Each structure stands twice: as structure tokens, then as C-alpha cells.
Protein chains: 2
Amino acid sequence: MLKLSKKADYALMALQHIASVQPGDVTPGRVVNTKEIAEEYNIPLELLAKVLQTLSKNGMIESHNGPKGGYLLARSARHITIAQILESIEGPLGLTDCSHERSGELCMQREHCNIRTPLLKIQDSIYQLLNNMTLQDMLSGTPLITIQSPSAEGVTR
Amino acid sequence: MLKLSKKADYALMALQHIASVQPGDVTPGRVVNTKEIAEEYNIPLELLAKVLQTLSKNGMIESHNGPKGGYLLARSARHITIAQILESIEGPLGLTDCSHERSGELCMQREHCNIRTPLLKIQDSIYQLLNNMTLQDMLSGTPLITIQSPSAEGVTR
DNA sequence: TTAAGTGCGACCGATACGATCGGAGATCAT
DNA sequence: ATGATCTCCGATCGTATCGGTCGCACTTAA
Ligand code: FES
Ligand code: FES
């Protein structure tokens with residue numbers, strides 16, 4: 001359950017890779033082209049290309065055309081969150097179909113719905129989780145995220 | 001993204017409903033049959049039936065056959081976690097395909113994979129989140145879950 | 001014995017996803 | 001200027017999954 005798409009996986013791998021060759025915080029670093037990433041991680045080339053395109057369209061990375069072209073981070077890895085990356089590929093986070101309902105449309109009698117509120121809270125928690133973790137955190141390898149819940153059973157920590 | 005299936009939604013609604021007619025902690029309460037729930041929440045009857053069957057098979061609820069039959073919680077609402085419910089329906093939590101890889105099978109060169117560890121951490125955090133919230137919490141309406149992350153940008157609270 | 005109810009398996013249609021192809025633009029080296 | 005790369009973009013296709021439906025066997029209270 002809650003599996004995220006292959007495309008999203010690829011996006012994370014690619015960004016992690018691009019970030020890893022971009023040493024400093026501001027250092028432009030070298031450009032990385034699609035084929036390099038695809039071969040490194042055994043990702044189907046054309047599919048990865050598509051993923052990178054959307055990532056670029058969503059302002060995560062910058063593209064440079066022509067020979068010696070390729071991609072590089074649009075901003076510092078410290079300012080790219082996991083949530084941003086995933087939402088670029090898979091669209092907005094939403095546990096249920098009716099999470100982002102505009103005023104008009106209706107779920108099945110929202111009046112009778114008994115799970116909307118709690119689910120939205122869970123959804124929000126997950127979002128915080130993903131949005132508090134940056135690409136930089138993935139690189140340095142110590143996300144170290146903790147959770148607190150009032151429900152007695154302290155499984156955490 | 002991260003949308004959970006309709007069946008899972010239905011499971012949550014149904015369990016919430018069953019729990020709501022089972023007042024006390026131990027009180028047996030009255031049995032609830034499929035049709036009652038289906039009509040209350042506009043859920044296709046047969047599909048809901050299937051969901052309830054798997055829930056019963058997974059020990060979330062008890063089934064009683066024959067006329068005046070129906071379902072009731074197998075244990076106190078306080079001891080049924082959201083994670084258990086969802087996993088009963090959608091299978092084990094796993095952000096990537098290779099989350100629960102048994103020893104044998106391989107992802108695409110796990111050696112080169114740069115996102116496995118951080119993703120597993122995120123996955124674990126989400127699991128804690130879901131497993132710390134019980135059906136009882138959904139009933140009383142105050143989950144109140146908070147998250148702490150070391151990444152400076154304190155979006156939370 | 002009969003009607004109400006669960007249990008179970010097979011089945012279908014739609015949708016989403018992974019994956020592929022073809023070609024148009026852009027850029028750089030020569 | 002020319003050609004070789006390489007990114008960009010749209011269209012397309014097969015398949016797996018999911019939502020939803022049927023039909024029938026089994027169990028049990030009245
Ligand atoms: S599932 Fe849509 S409002 Fe409850
Ligand atoms: S995606 Fe499977 S090991 Fe990284």
C-alpha cells in the first residue's frame with residue numbers, strides 16, 4: 001500500500017545523482033545528461049527522459065540543450081524537499097479522491113462521511129514529513145525524523 | 001499521489017461505523033450487517049461485502065452468519081490501529097517495490113541505489129504514524145499527531 | 001423448512017501506469 | 001554554414017491493477 005510510482009522513484013534517484021555531482025551549495029558543478037543516469041541505475045532511457053523533462057518543467061532542475069548539454073539543479077539541494085519532487089511527478093498528495101475537492105463537486109454525502117477529518121489530519125502529517133526532508137538530507141544520509149503521538153503506546157524512540 | 005484505494009476507504013468507513021455502535025470497551029453491542037453500512041454511506045453492496053470478508057479474515061472483525069447475522073469488532077477499538085486496517089486491505093506498506101525484498105530477489109543493482117535507505121526511513125515514519133492512531137482515536141476525533149524534524153525550516157507548528 | 005445473511009470465486013470494463021517511438025528544436029564544434 | 005549531438009515534446013501501445021458485478025454454496029435463527 002501507499003506505493004509510489006516508478007517514475008517517482010526514478011525522479012528521486014536522478015535528483016540524488018545530479019545533486020551528488022554538484023558539490024558545493026552554490027557551485028554550478030558539471031552538467032549530467034540523461035544517458036549517464038539511465039546507465040548508472042538501469043533505468044529505461046526514454047522514460048527517464050520524460051521524468052527529467054517534467055522535473056525541469058516544474059522548476060526542480062535546469063536543462064541545457066545541445067552537445068555537452070544536460071541537467072543541473074535549479075536551486076540548492078537544501079531547498080528542494082522530497083514533497084516537492086514527488087508532487088512534481090505524481091501530482092498533489094491526497095489519501096482520498098476527495099481530498100482537494102473544489103467547492104462544487106461532492107463525495108458520497110460528505111455529511112455522512114465519518115473518516116474525512118481524521119484522514120485529512122493523517123495526510124497533513126505525512127506532508128509535513130515529506131516537506132521537512134530535503135534532497136540534501138538524502139545526500140548526507142541522516143534524515144532522523146521522529147514522530148510523537150499522544151496515543152499512549154510509545155512505539156517511537 | 002499516495003492515494004489509497006477505494007476499498008481501503010470503505011474499510012475505514014465500515015469499521016468506524018461498526019465501532020460507533022459498539023459503545024463500551026467490552027460491551028458486545030449489536031451486530032451490523034453489510035446492507036446497513038452500504039446504504040448509510042452509499043457504498044456498492046457487493047464490494048463492501050468483499051471488503052468486510054477480508055477484514056474478518058484478517059481478524060479485524062467477527063462475522064455471524066444467518067439471519068440477524070452481521071459483523072462486530074473482534075477486539076476493542078482502542079487496539080485496532082489504522083495501519084492494521086489498511087494493511088489488511090492493501091497489503092504491507094511499501095513506498096517502493098523493493099521495500100520488503102526477501103533475500104533472494106534483487107532490485108536494479110541495489111549497490112548503486114542511492115535512495116533505498118532514506119526511503120525506508122520515511123516509510124518507517126509513516127508506519128509509526130499510522131500505527132499510533134487507533135480506531136478509537138478516529139471516533140473521539142482528536143488524533144493530534146505532531147511531527148518533529150531537525151531540518152531547520154520549521155514548517156510544523 | 002425457509003428466509004436472511006455471510007463466504008467465496010470467477011468475471012468484466014475502465015483507467016492508470018510503464019514503456020516506446022518519431023520527430024522537432026537548440027546548441028556547440030568544426 | 002554545416003553537421004552532429006542532445007534535449008524537448010507529443011502520440012501511442014500493452015498490460016496490470018482496481019472498481020464493480022454476478023452467481024452460488026454455506027450457515028443459522030425463526
Ligand atoms: S470519503 Fe470523501 S468526504 Fe469522506
Ligand atoms: S529502488 Fe530498489 S534498492 Fe533502490
Side-chain angles (χ1 to χ4, degrees), chain A residues 1-14 18 30-39 41-72 74 86 89-92 94-98 107-108, chain B residues 1-14 18 30-39 41-72 74 86 88-91 94-98 107-108:
Chain A
M1 71 186 262
L2 289 187
K3 194 172 54 181
L4 40 87
S5 73
K6 282 245 165 55
K7 285 198 238 179
D9 282 2
Y10 297 158
L12 289 177
M13 293 191 213
I18 296 177
R30 69 181 181 85
V31 262
V32 184
N33 67 7
T34 310
K35 196 200 293 185
E36 174 181 333
I37 305 181
E39 288 175 352
Y41 302 100
N42 279 350
I43 303 176
L45 180 66
E46 299 82 3
L47 186 51
L48 176 61
K50 225 183 196 14
V51 170
L52 290 176
Q53 284 160 28
T54 47
L55 281 181
S56 141
K57 199 185 306 179
N58 284 89
M60 302 287 114
I61 52 183
E62 271 179 20
S63 70
H64 288 273
N65 261 353
K68 291 294 181 182
Y71 295 94
L72 80 172
L86 295 182
I89 302 294
E90 298 209 330
L95 291 184
T96 84
D97 294 324
C98 56
C107 190
M108 23 184 154
Chain B
M1 67 185 268
L2 289 187
K3 194 171 55 180
L4 40 87
S5 72
K6 283 247 162 58
K7 284 197 238 180
D9 282 2
Y10 297 157
L12 289 176
M13 292 190 214
I18 296 178
R30 70 179 179 86
V31 268
V32 185
N33 67 6
T34 310
K35 196 199 293 184
E36 175 182 334
I37 305 180
E39 287 175 352
Y41 301 101
N42 279 350
I43 303 176
L45 180 67
E46 299 82 2
L47 185 51
L48 177 61
K50 227 182 195 10
V51 170
L52 291 177
Q53 285 161 28
T54 47
L55 281 180
S56 142
K57 200 184 307 178
N58 284 89
M60 301 288 113
I61 53 183
E62 270 177 21
S63 70
H64 288 273
N65 262 353
K68 290 294 183 182
Y71 296 93
L72 81 172
L86 295 182
S88 291
I89 301 295
E90 299 210 329
L95 291 183
T96 83
D97 293 324
C98 56
C107 190
M108 21 184 156

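Each chain gets a letter, A, B and so on, in the order its sequence line appears, and its residues count up from 1. Since we're looking at a predicted model, the values are computed, not measured.
- Nucleotide D:dA30 holds its C1' atom 10 Å from the NZ atom of B:Lys68, rounded to whole Å.
- Rounded to an integer number of Å, the gap from NZ of A:Lys7 to P of C:dT20 is 13 Å.
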Exercise for the section: Verify side chain to side chain contact (heavy atoms under 4.5 Å, CB included) between B:Tyr71 and B:Thr34, making sure each step is shown before the conclusion. Expected result: CA-CA 8 Å; B:Tyr71 296 93; B:Thr34 310; 3.7 Å; yes
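- A:Gln53 has its CD atom 16 Å from the P atom of C:dA19, to the nearest Å.
- Residue contacts for B:Lys50: at a heavy-atom cut-off of 4.0 Å it reaches a base atom on one of the strands shown.
- Of the side-chain N and O atoms in B:Asn33, one or more sit less than 4.0 angstrom from OP1 or OP2 of C:dG5.
- Of the candidates C:dC21, D:dG20, D:dT7, D:dT7 carries the atom nearest the A:Tyr71 side chain, counting heavy atoms from C-beta on.
- Annotation: side chain of A:Val31 is not in contact with side chain of A:Lys68 (no heavy-atom distance under 4.5 Å).
- Atom CD of A:Glu46 is separated from atom C1' of C:dC17 by 16 Å (rounded to the nearest Å).
- Listed nucleotides C:dC17, D:dG19, C:dT20 differ in distance to B:Lys6; the shortest reach to its side chain belongs to D:dG19.
- Taking the nucleotide of DNA chain D with the nearest heavy atom to each of B:His64 and A:Leu52, the more 5' of the two is matched to A:Leu52.
- Checking D:dT28, C:dT20, C:dC8 against every side-chain atom of B:Asn65, the shortest atom distance belongs to D:dT28.
- Rounded to whole Å, atom C1' of C:dG9 lies 15 Å from atom CG of B:Leu47.
- No side-chain heavy atom of A:Leu95 sits under 4.5 Å from any side-chain heavy atom of B:Asp9.
- Nearest nucleotide to the side chain of A:Pro44, out of C:dG7, D:dC9, C:dA19: C:dA19.
- Checking the phosphate oxygens (OP1, OP2) of D:dT7, a side-chain nitrogen or oxygen of A:Thr34 falls inside 4.0 Å.
- Protein atom CG of A:Asn42 is 12 Å distant from nucleotide atom P of C:dA19, rounded to whole Å.
- Side-chain atoms of A:Lys57 lie closest to D:dC9 of the nucleotides C:dG18, C:dT20, D:dC9.
- A:Glu36 places its CD atom 12 Å from the P atom of D:dC6, with the value rounded to the nearest Å.
- Of the candidates C:dT20, D:dA4, D:dT7, the closest approach to any side-chain atom of A:Pro67 belongs to D:dA4.
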Practice task
Please lay out, stage by stage, how A:His64 and A:Leu72 fare under the test side chain to side chain contact (heavy atoms under 4.5 Å, CB included).
Solution key: CA-CA 8 Å; A:His64 288 273; A:Leu72 80 172; 3.5 Å; yes
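- Regarding contacts with the backbone of C:dG7, a side-chain N or O of B:Ser63 is found under 4.0 angstrom from either OP1 or OP2.
- B:Tyr10 has no side-chain polar atom (N or O) that falls below the 4.0 Å cut-off from OP1 or OP2 of D:dC18.
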Problem - side chain to side chain contact (heavy atoms under 4.5 Å, CB included) between A:Lys6 and B:Asp97, worked out - result: CA-CA 8 Å; A:Lys6 282 245 165 55; B:Asp97 293 324; 2.8 Å; yes
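- Taking atom CG of residue B:Leu55 and atom P of nucleotide C:dG7, one finds them 11 Å apart after rounding to whole Å.
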